[in-house]
Protein chains: 2
Amino acid sequence: MKTLCDPRELMARQGVDPNPNRDLILKVIASSSKAVTPKFILTAARKTRSIDKVTLYRILDLFVARRILRRMASVAGSLRYEIACAEHNPLHPHFVCRECGDMECLSDVDLSDVRERLNMKTKNLPEDIDLKLEGVCQKCSPRKRRRHEEK
Amino acid sequence: MKTLCDPRELMARQGVDPNPNRDLILKVIASSSKAVTPKFILTAARKTRSIDKVTLYRILDLFVARRILRRMASVAGSLRYEIACAEHNPLHPHFVCRECGDMECLSDVDLSDVRERLNMKTKNLPEDIDLKLEGVCQKCSPRKRRRHEEK
DNA sequence: AACAGCGTGCAACTGAGTTGCAATATAAAT
DNA sequence: ATTTATATTGCAACTCAGTTGCACGCTGTT
Ligand SMILES: [Mn+2]
Ligand SMILES: [Mn+2]
Ligand SMILES: [Zn+2]
Ligand SMILES: [Zn+2]
């Protein structure tokens with residue numbers, strides 16, 4: 001992300017009422033440099049206040065529905081979330097490591113107009129676009145070192 | 001797919017020994033018009049012969065490693081598999097329905113050279129590319145009819 | 001006070017995919 | 001053909017992400 005997005009402003013703009021849990025969860029996600037898993041969010045958030053995982057999942061669903069967050073699936077198991085703010089974090093591709101499951105943002109490639117650029121005229125109009133490159137990341141690839149665990 | 005791929009030839013080309021289970025699983029996938037889930041494959045294959053789900057997963061892993069199959073994740077839960085044969089089923093984007101989880105192949109858009117076209121110069125070279133459009137499909141969208149179950 | 005709406009927590013559940021190990025099949029060696 | 005090694009399969013038990021049901025608490029309304 002270029003600069004940090006203000007969680008409160010993002011919620012206000014998207015018509016979502018703030019509250020302590022929502023504030024915290026969005027703050028955790030916004031202050032991460034890459035897309036994060038629910039597990040990561042939960043661990044980070046619990047350093048500040050006690051939150052149940054069900055509450056987290058419900059808030060994540062709400063944020064995705066209200067387009068505050070983008071949700072991405074990968075073969076690595078759990079879903080990942082990132083801020084969807086068009087100004088601070090425009091749509092971009094991701095590199096996913098087959099070994100460790102880590103997901104890197106390719107923020108220098110803008111995908112806002114990817115449908116036009118690739119000339120994709122679909123009958124169903126998409127609400128979101130997800131371009132993922134799969135391979136083995138730097139940490140895992142050279143010399144097939146022990147598969148790097150996610151922090 | 002343009003025309004059906006011959007499972008035996010595909011395995012031979014990729015250096016995988018055929019056997020009854022592998023033949024059948026690959027045939028099920030090759031004769032489907034869209035990317036399929038393990039559950040679907042298992043149900044279809046069991047009409048012909050008895051196969052354990054663990055065997056299926058192991059064969060799928062083998063096929064993906066040997067680049068006989070492409071594997072794709074979506075928010076809809078289970079992974080989906082399709083034939084990776086470059087001639088008969090070149091790399092293409094997919095449309096995934098948020099309601100029913102169905103995945104449609106956008107076979108008319110070729111992604112073989114997508115990295116060049118989008119000018120993505122990544123340090124980690126990707127072994128696979130997965131472009132997904134997310135939204136609500138025809139069956140689910142108009143009039144918010146009962147969420148269409150996958151066959 | 002009574003009621004409704006909303007957000008939360010807890011426990012139990014679901015369903016995809018995995019792991020360990022024994023049993024079987026296939027291929028190679030004697 | 002009998003033995004030996006190697007690859008493949010099946011079964012049960014397990015892991016782990018995400019979900020469901022329901023009771024409880026809070027806030028505002030009649
Ligand atoms: Mn990203
Ligand atoms: Mn496809
Ligand atoms: Zn890695
Ligand atoms: Zn649908």
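Here is the naming used below: chain letters follow the sequence lines, and residue numbers restart at 1 for every chain.
The residues B:K34 and B:D102 are annotated as salt-bridged, a charged nitrogen and a carboxylate oxygen being separated by less than 4.0 angstrom. Using a 4.0 Å cut-off between charged side-chain N and carboxylate O, B:D128 and B:R67 make no salt bridge.
Here the side chain of B:S78 is nearest to one of D:dG18, C:dG17, D:dT8, namely C:dG17. Closest contact between the side chain of A:L79 and the listed nucleotides C:dT18, D:dC11, D:dG18 involves D:dG18. With C:dA16, D:dT9, C:dG9 as the choices, the nucleotide that has an atom nearest any side-chain atom of A:I51 turns out to be C:dG9. The side chain of A:Y57 has D:dG18 as its nearest neighbour among C:dG9, D:dG18, D:dA12. Picking from C:dC10, C:dG7, D:dG10 the nucleotide with the shortest atom distance to the side chain of A:R22 gives C:dG7.
Distance alone, capped at 3.5 Å, places no donor-acceptor pair between the B:K132 side chain and the A:M72 backbone.
Residues A:R58 and B:N21 each lie close to DNA chain D; by heavy-atom proximity, the contact nearer the 5' end of the strand is made by B:N21. Both B:P20 and B:P38 lie close to DNA chain C; mapped to their nearest nucleotides by heavy-atom distance, the more 5′-ward contact belongs to B:P38.
The interatomic distance linking B:I59 (CD1) with C:dT18 (P) rounds to 14 Å, in whole Å. If you measure from atom CG of A:D52 to atom P of C:dA12, you get 14 Å, rounded to the nearest angstrom. Rounding to whole angstrom units, NZ of residue A:K53 and C1' of C:dG9 are separated by 12 Å. Per the geometry, CZ belonging to A:F63 stands 13 Å off C1' belonging to C:dG7, to the nearest Å. Protein atom CG of B:D23 is 15 Å distant from nucleotide atom C1' of D:dT9, rounded to whole Å. Rounded to a whole Å, the CG atom of B:L56 is 16 Å from the P atom of D:dT8. B:F40 has its CZ atom 15 Å from the P atom of C:dA16, to the nearest Å. As rounded to whole Å, 16 Å separates atom C1' of D:dT9 from atom CG of B:D17.
The NE2 atom of B:H94 sits 9.0 Å away from the CG atom of B:L111 when rounded to the nearest 0.5 Å. In this structure, CD in A:E82 is found 4.5 Å from CZ in A:R70, a value given to the nearest 0.5 Å.
Contact check, B:N19 against C:dA25: no side-chain N or O comes under 4.0 Å of OP1 or OP2.
Remark: the B:K39 side chain and the C:dG15 base include no donor-acceptor N/O pair separated by less than 3.5 Å.
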